[in-house]
K.L.:
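The structure follows.
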Number of protein chains: 2
Amino acid sequence: MHQRLIARLQAVSGLAQEELAVLNALPHTVRSLDDRESILKEGDGAFNCVVLISGFLYRRKIVGDRNQILSLHVPGDIPDLMTLYLPTMDHDLISVGQSVVGTVPHAALRAMFDRQPSLVHTFWRETLIDAAIFRHWVGNLGALDALHRVAQLFCELAVRLEFVGLLNRGSFAFPLTQADIGSACGLSTVHTNRTLQALRRRGLLEWRGEMVTLPNRGALEALADFNADYLQRSSKSA
Amino acid sequence: MHQRLIARLQAVSGLAQEELAVLNALPHTVRSLDDRESILKEGDGAFNCVVLISGFLYRRKIVGDRNQILSLHVPGDIPDLMTLYLPTMDHDLISVGQSVVGTVPHAALRAMFDRQPSLVHTFWRETLIDAAIFRHWVGNLGALDALHRVAQLFCELAVRLEFVGLLNRGSFAFPLTQADIGSACGLSTVHTNRTLQALRRRGLLEWRGEMVTLPNRGALEALADFNADYLQRSSKSA
DNA sequence: CGGAGTATTGAGGCCTTTCAACTTAAGTGG
DNA sequence: CCACTTAAGTTGAAAGGCCTCAATACTCCG
């Protein structure tokens, strides 16, 4: 069931045999979520971590008079891993579309770390990649205009979905609305709409129903000046 | 010498006696840096971590055609702690004004973790707080206007400096330029200047030479709608 | 005193927002 | 199966915040 998580860890960190075994033995309960159902809210104290199995989640916070989406999450992600050491949520964790999550008690994770200490590094690194994504978005939101922000968003999603085998010839299921994209990119809904039209006009994005296609990823990544290094363990040395 | 780091850890995580002893035994070399001298550059592989002893550092990246400051660092911070598991830098690390840093080999940190495994959690948590700050700034940059962004910046700095005993009756040394603040907040230099004037006009900020004073922190925090919970281990439960 | 970097000011322009109306898509009930 | 309802997407136009350009005033330092 943790296949997506394991695919992620395999792609991003690499896993040894023993580690795989221990990971597979992680106790967990499975739960389905409806569209816009929230898992955790700002201020909640967490005693479990959530592994996204299928669907999408996002983290969001009310900032000023807006709803800001802080991050999007794809299957294999553990969006609340940090609650292991910072148990009080400073934002909400919400499902977009129908999704399925596995819930793993903090205690089970700690027990796993005792049994297989090398996994501490693997999971620590997971939180570091999560941080790298936020850092990247600090740069995006601070320095890029609407077109480039949205392009960055889709480039990043494509790579992350690819890691876990959910990208098929440039296409993927995508249950978000344009308003969601706007609040992730710090844009109004209206301007998000116009920005998406610009991407469509350039032949870089197709979006029908809940299916998004990136017909020309190379061109999209060129437009966004996208580099995926921050999404994985730096493997390739100079 | 690690006094500031220890003050931070004490304020943010709490430390046991044995942990203190082990921390104090950390081998390190001390080094002085000039204004705008860089410690690490994007693409570099790191084998050490840097503890800021005095002065300021920032992390920055070129995004599009801009120089974006990703984060500011005060004494006690370890701005490149994440290189322990993600050794390739995805941004630069630079001194602002004269500063002093301690350099600790990764190997020494790992050895310390072996000797005192509880410190793994302490340092992991440090990286999680670093991440929480980035997350907070994703919200700030995505949702706030210039005045509120800059107000947030000074509120945050005040708290972080306070943790390590570098805030004296609302005043602190501050070697950054207005242009720096602009590139941290995603604003042009000109508009940053006007925004700072607005804060001064409201009696919320004084800035003479390299000294900043926040004459009315309560009012500043009210304006920014600032809540410092993200900067420390969530201690206060409901 | 001169020079360089920093801060400040004015003005025009652009990107993005807001407001408001309208269209399309999807789902419900009679 | 179609009218009705609601959410999501689209469009136009005006307003606003922030940017850029460009010139001027400081401030510090050799």
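What you see below is based on every heavy atom in this structure, not just the backbone, and it leaves out hydrogens, waters and symmetry mates. Everything quoted here is computed from the prediction, not taken from an experiment. Every chain is numbered from 1 and lettered A, B, ... according to where its sequence line falls, protein lines coming before strand lines.
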K.L.:
Of B:Leu176 and A:Gly209, whose nearest nucleotide on DNA chain C comes first from the 5' end?
P.N.:
B:Leu176
K.L.:
Can you see if the side chain of B:Gln197 gets near the phosphate of C:dT9 - specifically, an N or O under 4.0 Å from OP1 or OP2?
P.N.:
yes
K.L.:
What integer distance in Å separates A:Arg194:CZ from C:dC14:P?
P.N.:
17 Å
K.L.:
Quick one: is B:Arg200 getting a side-chain N or O under 4.0 Å of the C:dT8 phosphate, OP1 or OP2?
P.N.:
yes
K.L.:
Can you tell me how far P of D:dT20 sits from CG of B:Leu187, to the nearest Å?
P.N.:
11 Å
K.L.:
May I have the distance from A:Glu210 (atom CD) to D:dA8 (atom C1'), rounded to whole angstrom?
P.N.:
12 Å
K.L.:
If I take atom CG in residue B:Asp180 and atom P in nucleotide C:dT6, what distance separates them, rounded to the nearest angstrom?
P.N.:
8 Å
K.L.:
Hey, does B:Leu196 reach any base, or is it just sugar-phosphate, or nothing, if we go heavy atoms under 4.0 Å?
P.N.:
nothing
K.L.:
Mind checking whether A:Phe226 and A:Phe154 have ring centres under 6.0 Å apart?
P.N.:
no
K.L.:
Return the value, rounded to whole Å, for the distance between atom CG of A:Asn193 and atom C1' of D:dT11.
P.N.:
8 Å
K.L.:
Determine the contact category for B:Ser188: base if any of its heavy atoms lies under 4.0 Å from a base atom, sugar-phosphate if only primed atoms, P, OP1 or OP2 are that close, otherwise nothing.
P.N.:
base
K.L.:
Atom NE2 of A:His191 and atom C1' of C:dC14: how far apart are they, to the nearest Å?
P.N.:
11 Å
K.L.:
When we call it a touch if two heavy atoms are under 4.0 Å apart, what does B:Gly182 touch: a base, just sugar-phosphate, or nothing?
P.N.:
nothing
K.L.:
Do B:Asp77 and B:Arg8 pass the side chain to side chain contact (heavy atoms under 4.5 Å, CB included) test, and can you show the C-alpha distance, the side-chain angles, and the key distance before you say yes or no?
P.N.:
CA-CA 8 Å; B:Asp77 285 1; B:Arg8 239 200 78 73; 3.4 Å; yes
K.L.:
Take atom CG of A:Asp145 and atom P of D:dT20, then tell me their distance rounded to the nearest Å.
P.N.:
11 Å
K.L.:
Is the B:Tyr230 ring parallel, tilted or perpendicular to the B:His136 ring (thresholds 30°, 60°)?
P.N.:
parallel
K.L.:
Can you identify which nucleotide, out of C:dT9, D:dG9, C:dA7, has its nearest atom closest to the B:Val190 side chain?
P.N.:
C:dT9
K.L.:
Under the side chain to side chain donor-acceptor pair (under 3.5 Å) rule, what do A:Thr127 and A:Asp130 come out as? Steps first, then yes or no, please.
P.N.:
CA-CA 5 Å; A:Thr127 66; A:Asp130 188 57; over 6 Å; no
K.L.:
From CG of A:Asp65 over to P of C:dT17, roughly how many Å is that when rounded to an integer?
P.N.:
12 Å
K.L.:
Does a side chain donor of either A:Gln178 or A:Trp207 reach within less than 3.5 Å of an acceptor in the other side chain?
P.N.:
no
